[in-house]
Amino acid sequence: MIRLFDASAGAVVDIVPRDEGRLGVYVCGPTVYDLPHLGHGRLALVWDVARRWWTFAGYDVRFVSNVTDLDDKIIERADREKATEGDIAATYETAWWAALDLLGVARPDATPHATAYVREMIDLIEELLERDVAYSTDDGVYFDVAKVPDYGLLAGQPLENLRAGARVEVVADKRSPLDFALWKAAIFGEPSWAAPFGPGRPGWHTECVVMSLGLLGEGFDLHCGGQDLRFPHHENERAQAAALGLPFARHWAHSGWVMVGEDKMSKSLGNYTTLSDLLASHDPRAYRLLVLRSHYRQPIEVSPATLADAERALARLDGLSRRFSLPAFAGPSRFTRADAISWSEEGEELRARVAALLDDDLDTPGAVAALFEALGRAHALADAEDDRAGDLANAIGVLLGALGLSLRAGAAEVDQESARLVAARDAARTRRDWAAADHYRDELVARGWVVEDGPTGTRLHRA
RNA sequence: GGCGGCGUGGCCGAGUGGUUAGGCAGGGGCCUGCAAAGCCCCGUACUCCGGUUCGAAUCCGGACGCCGCCUCCA
């Protein structure tokens with residue numbers, strides 16, 4: 001049984017899948033109008049970890065994440081750059097996947113695009129109009145939030161409170177400031193589609209309703225996104241499905257912010273770092289580890305100091321991999337299942353401990369702490385020449401792999417000259433010529449290696 | 001104004017009514033020819049003020065500070 005904080009319940013709840021043993025998960029993906037930043041990276045990492053873990057735990061996970069390729073911001077950018085909307089969307093979607101690939105985030109099982117679902121959106125809007133929960137104005141078609149009795153469920157407060165504080169700009173003919181655009185009437189020069197209620201283009205909140213229901217079916221298990229999508233985006237999706245009497249997401253989960261000092265990282269504050277900038281100067285695995293070491297709902301601080309911290313911690317994990325020559329356990333599209341592993345007694349104990357933590361609202365920091373404790377134990381066992389050490393180290397590698405974190409066992413390729421220096425150093429050490437041995441070590445260090453002496457002689461790895 | 005969250009040791013960051021989070025950094029020791037890696041030991045922290053309790057950082061009340069959402073936003 002897995003448990004997760006559900007925004008519609010306001011509490012951590014048991015996740016009982018619609019279909020036993022299967023999980024249908026929908027994550028609201030990017031609007032492709034600019035480069036992804038660290039916040040997007042965290043979102044992707046959090047749900048990638050969840051997906052991998054639930055798969056590991058035995059669920060057959062169907063993971064859908066959309067790409068919004070139709071939006072005001074894309075149109076604005078296309079205008080500004082004298083490009084087509086399609087070009088802008090294609091450019092930034094490419095950048096999105098490139099960044100996620102580097103982070104080791106597995107591709108979703110399906111990545112629906114808004115522009116491919118306009119027909120379905122039109123049908124849905126038409127039905128909302130027929131049911132009188134939507135109305136037409138000169139601007140387009142709006143959803144009448146007052147028609148949904150429990151509007152505000154995800155926001156955690158009733159409609160009156162939301163309205164009282166609404167900072168929404170007044171748009172002509174809207175019945176309530178909270179009513180949202182289902183359809184935006186065509187403006188010359190902008191992309192538009194023909195529809196019974198007039199030419200135009202869909203508003204943002206409809207695409208996810210159509211695509212999630214279309215690909216995962218009614219009453220799918222989990223709908224995820226960043227905290228900011230809880231309201232109004234997810235609320236508005238819910239409202240549409242509710243108005244049509246369609247069973248929608250059973251549970252709603254949201255990941256927390258990346259903070260810059262005291263502020264949320266955001267486009268509008270301009271305090272963001274793009275993923276490509278981060279990944280140009282840091283091991284992508286360090287960011288994954290940083291994300292894993294805080295709870296997914298808490299804010300995290302990403303700074304040179306916290307990244308350096310994560311990189312040193314990562315070096316310890318790689319050290320374990322080197323000592324025990326562990327194989328690679330994780331890959332971009334490589335998933336592991338616990339029942340496909342034959343667990344040693346040591347390994348099973350660790351697996352159970354980690355599973356208890358991760359099954360309960362994805363306690364990744366607890367799991368990482370348990371894995372680090374086990375790491376110390378594995379080394380200590382090895383120091384004592386206890387052969388359970390290898391089993392434990394292997395289990396640690398498998399479990400880190402289950403979270404999408406791969407370890408490096410050592411230098412993949414040692415060039416000929418370096419190999420010669422290693423041999424020369426080992427020879428010098430055998431004849432106890434310490435001056436020569438130190439000289440060869442200096443040479444190797446100058447070539448960028450970290451030099452370690454082990455039972456089998458000099459070993460190299462990259463700093 | 002409404003709703004939600006946060007305030008932990010040098011730093012990051014979990015958690016539980018009373019028994020070690022974990023990592024990084026720092027100190028001591030072991031190992032090593034010297035290193036590196038690794039192991040062992042060391043910090044007695046929890047914004048403040050009250051209250052409940054045998055006992056609270058953990059529960060309740062209040063204060064202060066901070067953040068987020070209520071508008072596009074991961």
Side-chain angles (χ1 to χ4, degrees), chain A residues 7 10 27-31 33-34 36-44 46-47 71-73 152 154-158 160-169 177-178 180 204 224-233 235 254-259 261-269 272 289-290 293-295 297-303 305-320 322-323 357 363-373 375-384 429 432-435 437-438 441 445 449-454 458-459 461:
Chain A
V27 179
C28 281
T31 299
Y33 74 100
D34 203 352
H37 61 63
L38 300 188
H40 300 100
R42 186 190 190 191
L43 173 89
V46 162
W47 300 115
D71 175 85
D72 292 357
K73 289 183 171 159
L154 292 178
Q157 48 190 335
E160 307 83 73
N161 288 356
L162 291 165
R163 187 174 297 163
R167 288 182 282 168
V168 186
E169 61 186 288
L178 291 164
F180 56 91
W204 179 38
C224 311
Q227 275 294 353
D228 50 351
L229 297 191
R230 191 173 55 95
F231 189 92
H233 182 56
E235 189 77 49
H254 302 95
S255 52
W257 301 125
V258 169
M259 303 296 286
E262 300 281 76
D263 299 314
K264 161 192 168 188
M265 176 174 288
S266 71
K267 292 277 185 191
S268 48
L269 288 175
Y272 60 92
L289 184 56
L290 184 55
R293 290 208 300 178
S294 65
H295 189 82
R297 289 190 277 123
Q298 293 304 124
I300 59 170
E301 191 182 332
V302 183
S303 67
T306 60
L307 281 165
D309 189 302
E311 281 179 326
R312 288 192 207 96
L314 186 60
R316 290 202 72 205
L317 299 177
D318 282 341
L320 181 86
R322 278 200 305 282
R323 182 172 190 176
L357 292 161
D363 183 3
T364 58
V368 171
L371 290 168
F372 267 95
E373 274 184 12
L375 177 145
R377 222 161 56 238
H379 278 301
L381 286 169
D383 287 350
R429 294 189 68 226
R432 306 179 72 79
D433 181 352
W434 309 127
D438 288 351
R441 177 165 60 199
V445 169
W449 296 104
V450 174
V451 179
E452 284 177 18
D453 295 342
T458 299
R459 300 183 66 166
H461 66 96

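What you see below is based on every heavy atom in this structure, not just the backbone, and it leaves out hydrogens, waters and symmetry mates.
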Practice task
Spell out yes or no: do the side chain of A/D363 and the base of B/G15 have one donor N/O and one acceptor N/O closer than 3.5 Å?
Solution key: no
Fill in the blank from the handout: Among B/U71, B/A25, B/G33, the one nearest any side-chain atom of A/P232 is B/U71
Handout entry: Non-hydrogen side-chain atoms of A/D438 and A/R441 separated by less than 4.5 Å
Key = yes
Exercise for the section: Could you work out the separation of B/U58 and B/C6 based on their P atoms and round it to a whole Å? Expected result: 13 Å
Handout entry: Side chain of A/W434 - closest among B/G23, B/C73, B/G33
Key = B/G33
Practice task
Determine: side-chain N/O of A/R230 to OP1/OP2 of B/G4, distance under 4.0 Å, yes or no.
Solution key: no
Problem - hbond_proxy A/D383 side chain to B/G38 base (donor-acceptor, 3.5 Å cutoff) - result: no
Practice task
Kindly say if A/R293 contacts the phosphate of B/G22, meaning a side-chain N or O under 4.0 Å from OP1 or OP2.
Solution key: no
Exercise for the section: Using the P atom as the reference point in each nucleotide, state the distance between B/C12 and B/G1 in Å, no decimals. Expected result: 31 Å
Handout entry: Nearest-neighbour nucleotide for the A/A369 side chain, B/A74, B/G38, B/A21 considered
Key = B/A21
Fill in the blank from the handout: Checking A/Q227, A/M259, A/K264 against A/P299 for side-chain contact (heavy atoms from CB on, under 4.5 Å), the one that qualifies is A/M259
Problem - Pairwise C1' distance for B/C54 and B/G61, with rounding to whole Å - result: 22 Å
Handout entry: Shortest non-hydrogen separation from A/R230 to A/A7 and the atoms involved
Key = CD-CB, 4.1 Å
Exercise for the section: Indicate yes or no for a side-chain donor-acceptor contact from A/E452 to the backbone of A/R459 under 3.5 Å, with no hydrogens or angles considered. Expected result: no
Practice task
Could you tell me whether the side chain of A/K73 has a donor or acceptor atom within less than 3.5 Å of a complementary atom in the base of B/C72?
Solution key: yes
Handout entry: Same-atom distance (P) from B/C42 to B/U20, integer angstrom
Key = 11 Å
Practice task
With C1' as the reference atom in both, quote the distance from B/C67 to B/A35 in angstrom, rounded to an integer.
Solution key: 47 Å
Practice task
With C1' as the reference atom in both, quote the distance from B/U47 to B/G65 in angstrom, rounded to an integer.
Solution key: 8 Å
Exercise for the section: For nucleotides B/A14 and B/G62, find the distance between their P atoms and express it as a whole number of Å. Expected result: 26 Å
Exercise for the section: Using the C1' atom as the reference point in each nucleotide, state the distance between B/C66 and B/U71 in Å, no decimals. Expected result: 22 Å
Problem - Side-chain donor/acceptor of A/R441 to base of B/A35, under 3.5 Å - result: yes
Completion exercise
Of the candidates B/G13, B/A36, B/A74, the side chain of A/S294 sits closest to B/G13
Handout entry: Under-3.5 Å donor-acceptor pair between A/D453 side chain and B/C34 base
Key = yes
Problem - Distance test, side-chain N/O of A/R429 to OP1/OP2 of B/C34, below 4.0 Å - result: no
